[in-house]
Amino acid sequence: MVQKPGRYVGGELNSVIKNKDEVKVRFAFCFPDTYEIGMSHLGMKILYGILNEKDYIWCERVFAPWMDMESKLRENDIKLYALESLDALSEFDIIGFTLQYELSYNNILNMLDMGGVAVKAKDRKGLKNLVVAGGPCVCNPEPLADFVDIFILGEGEEIDVELCEAYKNAKEKNMTKDEFLFEAAKLEGIYVPSLYDVSYNPDGTVKEIKAKDGVPKKVKKRIIKDMTNLYYPDKFVVPFVEAVHDRAVIELMRGCIRGCRFCQAGYIYRPLREKSHDVLCSQGKALCENTGYEEMSLSSLSTSDYSEVETLLSDLLDFSVENNINLSLPSLRIDNFSEELLDKVKAVRKSGLTFAPEAGTQRLRDVINKNITEEDIFKSCKIAFEGGYTSVKLYFMLGLPTETMADCEGIIDLAQRIIGFYKSLENRPKGKINVTVSVSTFVPKPFTPFQWFGQDELELIVKKQHHMKDCITSKNISFKYHASKTSVLEAVLARGDRRLGEVIYKAWQKGCYLDGWDEHFYFDRWLEALDECNLNVRFYANRTRSLDEVLPWSHLDYGISEAFLKREWEKAQNAETTPNCRQKCAGCGANKLLKNKEGKCVE
């Protein structure tokens, strides 16, 4: 009666079944989107494994149902359930959500409601059904403060287990919910929003964020210091329905050396920590052997920056060729793409190459600190074309700080010059050249140097998109751009404060669910909800903020000093670049996270 019933039945290979009467803590790991997307998420795979390693914890998976399944569940009065036990969400001690993107926020409310759990935290009186959330969006959790009891800042492998241990002890001591929340707030990486009061200025900006007595004034993120010896699953749950990324994944490293000023992940996952290539080889082989996957992906923010990438590829190629396993290499950098790396890429990849110049002019690439030149771009294209490729895909962003129409024209001009360059090569392969230009709308995010920047207004974004389309004169260019209204809402939620909680609630009541899917996105309903709460898009998304404004996330510490972000913001105004971390330390402050109790750096 529904599309893709395999999403909802459970029983997949490597799923974990326990006796619920023999465990102390039942943990529902909820991914607030569909099964295919959630089953692609590496963080869920890691935490599912690490929690189920503990005898007293049973971690199960819950995904957002598609509209057809939601309708059937509600019609038949069946609560949203976990795939392992088929028990309703209301049966769980801890209900954990991963916050990967802002447009999933309403899915959280809908999943709680479907599972028989009160949506607002104040209406959940007991210790059971404790709602927690982690993931990158937790760097500004304030819009969800009305709904979530505990936010987990940073990396979860250690703190998730510590929180479950504390919860088990609280149950044994018959603690109240308030007593437990106060104790949990003492753990590093735990933020309890109900223990912090927020006041506002007459102009609507945040005046003060005040911690209650006994809890930290600033909440620090948790970080894993030793990646090589960190737990990593030797098997994944193998989905019945093909996932978006349906393959084995090995995590090369966390963090990034680059310092691109638009990239939130590049800042909140600092500092860079690598795994040894020996460990990666053994992890990759174990995953393939225990799952049957015929593709292995090397995961990181910048794969070609891994210090042992060529050695790793050589070792993995022997295994992959022998076992007919394809290697996937995402996140390649233009400025360190070499003939040697291409030779290895060609052995494992048959599709086109993807690069991300991000901006069409050198001035704007300097503004965002991309640290690549036009020479780097054409050098990489030459290597690719002479190596047999006839297509490249280029990623750009629209609406970056200081951007002009000339910068937008530069995107199309660069693509057209790459086509001319291809035709000028004597050693080019036979075949028609194709350059795909993919343009997404820039969204300013917390804990980046652009967190103060006001996003372009919707009308200007659309004008720029149409102008670029009009600049195309070659049939060899494929031009793709993303829906701009979703980017506007993303900016509102990314930089929002607690007052947006009521907006989210009203939008959900108006039927906003699965906002990340174009066919289910209703921007007008969100605008209505904002208006009913006397709030607006301009205040949150389009307003450039002063450097001395108290930001909604000012009480959270992700290891990056505000002074460093301000320096980078000022350098961006002057199109000044900052060297990458391996060339010269820029003093962002993240290295202090790797110090041990004696104050010495671990690495």
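Here the structure is a predicted model, which is why all the values come from computation and not from measurement. By convention here, the first residue in the shown sequence is residue 1.
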Visitor: Less than 4.0 angstrom from a charged side-chain N to a carboxylate O is my criterion; do Arg499 and Glu502 meet it?
Guide: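 No, this pair does not count.
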
Visitor: What is the minimum heavy-atom distance between Pro65 and Leu514, and which atoms define it?
Guide: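 Scanning both residues completely, I find the closest heavy atoms to be O-CD1, 4.3 Å.
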
Visitor: Which class fits the ring pair Trp569 and Phe453: parallel under 30°, tilted 30 to 60°, perpendicular over 60°?
Guide: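 Tilted, since the angle between the ring planes falls between 30° and 60°.
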
Visitor: Could you walk me through whether Asp557 and Val219 satisfy the side chain to side chain contact (heavy atoms under 4.5 Å, CB included) test, starting with their C-alpha distance in whole Å, then the side-chain angles of each, then the deciding distance to 0.1 Å, before giving a yes or no?
Guide: CA-CA 6 Å; Asp557 181 1; Val219 183; over 6 Å; no

Visitor: Given the side-chain rings of Phe447 and Tyr558, with only the six-membered ring counted for Trp, is the space between their centroids under 6.0 Å?
Guide: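 For Phe447 and Tyr558, the ring centres are under 6.0 Å apart.
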
Visitor: Is the shortest distance from a Lys or Arg side-chain nitrogen in Arg222 or Glu157 to a carboxylate oxygen in the other one below 4.0 Å?
Guide: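 No, Arg222 and Glu157 are not salt-bridged.
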
Visitor: Minimum heavy-atom separation for Arg498 to Glu142, with atom names?
Guide: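 Taking every non-hydrogen atom into account, NE-OE1, 2.7 Å.
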
Visitor: Quick one: does NZ or CZ of Lys168 land under 6.0 Å from the six-membered ring centre of Tyr56, within 45 degrees of the ring axis?
Guide: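 The answer is yes; both the distance and angle limits are met.
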
Visitor: In Å, rounded to the nearest 0.5 Å, how long is the span from CG of Leu301 to CZ of Arg254?
Guide: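 Rounded to the nearest 0.5 Å, the CG-CZ separation comes to 11.0 Å.
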
Visitor: Could you check whether any side-chain heavy atom of Phe442 comes within less than 4.5 Å of a side-chain heavy atom of Pro401, counting everything from C-beta outward?
Guide: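 Yes, their side chains come closer than 4.5 Å.
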
Visitor: Is Glu490 salt-bridged to Lys445, going by a charged N under 4.0 Å from an acidic O?
Guide: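 Yes, this pair counts.
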
Visitor: Please report the interatomic distance SG(Cys512) to CG(Asn106), rounded to the nearest 0.5 Å.
Guide: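 If I round to the nearest 0.5 Å, the distance is 6.0 Å.
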
Visitor: Count the heavy atoms of every other residue, nucleotide or ligand shown that sit under 6.0 Å from CD of Glu549, and state whether that count exceeds 12.
Guide: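 Check passes, neighbour count above 12.
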
Visitor: Does a side-chain heavy-atom distance below 4.5 Å link Asp160 with Ile50?
Guide: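 No; the side chains remain at least 4.5 Å from each other.
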
Visitor: If we only count heavy atoms from C-beta on, is the Leu181 to Ser194 side-chain gap below 4.5 Å?
Guide: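 SC-SC contact between Leu181 and Ser194 confirmed.
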
Visitor: Can you tell if the side chain of Phe92 reaches within under 4.5 Å of the side chain of Val117, non-hydrogen atoms only?
Guide: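 Answer no - side chains too far apart.
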
Visitor: To the nearest 0.5 Å, what is the distance between CG on Asp55 and CD on Glu53?
Guide: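 Those atoms lie 9.5 Å apart.
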
Visitor: If you draw a 6.0 Å radius around CZ in Arg74, do more than 12 non-hydrogen atoms from other residues or ligands fall strictly inside?
Guide: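 Yes, the 6.0 Å shell around CZ holds more than 12 heavy atoms from other groups.
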
Visitor: Asn52 side chain to Tyr48 main-chain N or O, any donor-acceptor pair under 3.5 Å?
Guide: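 Yes.
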
Visitor: Contact between Phe147 and Ile108 at the side-chain level, heavy atoms closer than 4.5 Å - yes or no?
Guide: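 No - every pair of side-chain heavy atoms lies 4.5 Å or more apart.
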
Visitor: Look only at the side chain of Asn107 and the backbone of Pro32, and say whether a donor-acceptor pair between them is shorter than 3.5 Å.
Guide: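 Yes, Asn107 side chain to Pro32 backbone: donor-acceptor pair under 3.5 Å.
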
Visitor: Side chain of Asp497, backbone of Pro552: donor and acceptor closer than 3.5 Å?
Guide: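 Here the side-chain-to-backbone pair does not exist.
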
Visitor: Are more than 12 heavy atoms from other residues, nucleotides or ligands located less than 6.0 Å from atom CD of Glu532?
Guide: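 Buried by this count: over 12 neighbours within 6.0 Å.
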
Visitor: Please check this pair: side chain of Lys79 against backbone of Leu89, looking for a donor-acceptor N/O pair closer than 3.5 Å.
Guide: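 The answer is no, because no donor-acceptor pair under 3.5 Å joins these two groups.
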
Visitor: Under 3.5 Å, is there a donor on one side chain and an acceptor on the other for Ser546 and Asp548?
Guide: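 On atom types as modelled, these side chains qualify, holding a pair under 3.5 Å.
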
Visitor: Does the distance from a Lys or Arg side-chain N to an Asp or Glu carboxylate O, for Glu179 and Lys173, drop under 4.0 Å?
Guide: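 Here Glu179 does not pair with Lys173 in a salt bridge, since their nearest N and O are not under 4.0 Å apart.
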
Visitor: Centroid-to-centroid, Phe240 to Tyr35, below 6.0 Å?
Guide: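 For Phe240 and Tyr35, the ring centres are not under 6.0 Å apart.
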
Visitor: Under 6.0 Å from the six-membered ring centre of Phe236 and within 45° of its axis: does the NZ or CZ of Lys45 meet both?
Guide: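 Yes, a cation-pi geometry holds between Lys45 and Phe236.
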
Visitor: Hey, can you tell me if Tyr267 and Phe564 have their rings parallel, tilted or perpendicular (30° and 60° cut-offs)?
Guide: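 Judged by the thresholds at 30° and 60°, the geometry between Tyr267 and Phe564 is tilted.
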
Visitor: Do you know which two heavy atoms are closest between Ser90 and Asn129, and how far apart they sit?
Guide: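 Closest approach of Ser90 to Asn129: O-ND2, 3.1 Å.
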
Visitor: Are there over 12 heavy-atom neighbours, none belonging to Lys235, within less than 6.0 Å of that residue's NZ?
Guide: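 Result for NZ/Lys235: open.
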
Visitor: Donor-acceptor pair, distance only, cut-off 3.5 Å: does the side chain of Tyr505 make one with the backbone of Val119?
Guide: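 No, because the side chain of Tyr505 does not come within donor-acceptor range (under 3.5 Å) of the backbone of Val119.
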
Visitor: Taking Asn140 for its side chain and Gly496 for its backbone only, find out whether a donor-acceptor pair lies under 3.5 Å.
Guide: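 Yes, because the side chain of Asn140 sits within donor-acceptor range (under 3.5 Å) of the backbone of Gly496.
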
Visitor: Do the ring planes of Phe31 and Tyr101 sit parallel (below 30°), tilted (30 to 60°) or perpendicular (above 60°)?
Guide: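 Because their plane-to-plane angle is over 60°, the rings of Phe31 and Tyr101 count as perpendicular.
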
Visitor: May I ask you to test the Glu91-Glu60 pair for a side-chain heavy-atom distance under 4.5 Å?
Guide: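 They are not in side-chain contact.
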
Visitor: Could you go through Met397 and Phe262, starting from their C-alpha distance and side-chain angles, then the distance that decides it, and tell me whether this counts as side chain to side chain contact (heavy atoms under 4.5 Å, CB included)?
Guide: CA-CA 10 Å; Met397 275 187 292; Phe262 60 85; 3.2 Å; yes

Visitor: With a 3.5 Å distance limit and no angle check, can you tell me whether Thr448 reaches the backbone of Phe450 through a side-chain donor-acceptor pair?
Guide: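 Side chain of Thr448 to backbone of Phe450: a pair is present.
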
Visitor: Determine whether a donor-acceptor pair (N or O, by modelled atom type, separation under 3.5 Å) exists between the side chain of Asp149 and the backbone of Leu130.
Guide: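 Checking the backbone N and O of Leu130 against the side chain of Asp149, no donor-acceptor pair under 3.5 Å is found.
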
Visitor: Could you tell me whether Arg525 and Glu528 have a side-chain N and a carboxylate O separated by less than 4.0 Å?
Guide: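 Salt bridge flag = no for Glu528 with Arg525.
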
Visitor: Does atom NZ (Lys171) have a neighbourhood of more than 12 heavy atoms from anything else shown, all under 6.0 Å?
Guide: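 Check passes, neighbour count above 12.
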
Visitor: Between the side chains of Asn19 and Trp58, does any donor sit under 3.5 Å from an acceptor?
Guide: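 Trp58 and Asn19 do not have a side-chain donor-acceptor pair below 3.5 Å.
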
Visitor: Between CD of Glu155 and CD1 of Ile224, what distance do you get to the nearest 0.5 Å?
Guide: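 Answer rounded to 0.5 Å: 5.5 Å.
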
Visitor: Can you confirm whether the side chains of Asp515 and Trp526 place a donor and an acceptor under 3.5 Å from each other?
Guide: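 Yes.
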
Visitor: Check whether Lys4 reaches the backbone of Trp66 with its side chain - one donor and one acceptor, N or O, closer than 3.5 Å.
Guide: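 Checking the backbone N and O of Trp66 against the side chain of Lys4, no donor-acceptor pair under 3.5 Å is found.
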
Visitor: Give a yes or no on whether Lys177 atom NZ has more than 12 heavy-atom contacts from other residues, nucleotides or ligands under 6.0 Å away.
Guide: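 For Lys177, atom NZ is crowded (more than 12 foreign heavy atoms under 6.0 Å).
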
Visitor: Rounded to the nearest 0.5 Å, how far apart are CG of Leu42 and CD of Glu251?
Guide: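 Here the rounded value is 5.5 Å.
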
Visitor: Any chance you could measure Ile223, atom CD1, to Glu188, atom CD, to the nearest 0.5 Å?
Guide: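 One gets 10.0 Å once the value is rounded to the nearest 0.5 Å.
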
Visitor: Taking Asn542 for its side chain and Gln455 for its backbone only, find out whether a donor-acceptor pair lies under 3.5 Å.
Guide: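 Present.
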
Visitor: State, without any angle test, whether Gln100 and Asp33 hold a side-chain donor-acceptor pair at a distance under 3.5 Å.
Guide: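 Looking only at side-chain atoms, Asp33 and Gln100 do not form any donor-acceptor pair under 3.5 Å.
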
Visitor: Could you report the tightest heavy-atom contact between Ala494 and Glu102, atom names first, then the distance?
Guide: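 The pair with the smallest heavy-atom distance is CB-OE2, 3.5 Å.
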
Visitor: Is there a side chain to side chain contact (heavy atoms under 4.5 Å, CB included) between Ile461 and Leu398 once you walk through the steps?
Guide: CA-CA 7 Å; Ile461 294 170; Leu398 185 68; 4.1 Å; yes

Visitor: With side chains defined as the heavy atoms from C-beta onward, is the minimum distance between Val161 and Leu51 less than 4.5 Å?
Guide: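 Side-chain contact under 4.5 Å: yes.
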
Visitor: Using a 4.5 Å cut-off on heavy atoms from C-beta on, say whether the side chain of Trp553 contacts that of Gln451.
Guide: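 Counting from C-beta outward, Gln451 and Trp553 do come under 4.5 Å.
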
Visitor: Tell me, yes or no, whether the heavy-atom count around Lys20 atom NZ, taken from other residues, nucleotides or ligands under 6.0 Å, exceeds 12.
Guide: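 Atom NZ in Lys20 is not packed in, count stays at 12 or less.
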
Visitor: Please report the shortest heavy-atom distance between Lys506 and Ala529, naming the atom on each side.
Guide: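 For Lys506 and Ala529, the tightest heavy-atom pair comes out as CB-CB, 3.9 Å.
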
Visitor: Just checking Lys128: does its NZ atom have more than 12 heavy atoms from other residues, nucleotides or ligands closer to it than 6.0 angstrom?
Guide: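 Buried by this count: over 12 neighbours within 6.0 Å.
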
Visitor: Salt bridge (charged side-chain N to carboxylate O under 4.0 Å, His left out) with Arg61: which residues, sequence neighbours excluded?
Guide: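 If we apply the salt bridge (charged side-chain N to carboxylate O under 4.0 Å, His left out) test to Arg61, skipping adjacent residues, the hits are Glu12, Glu84.
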
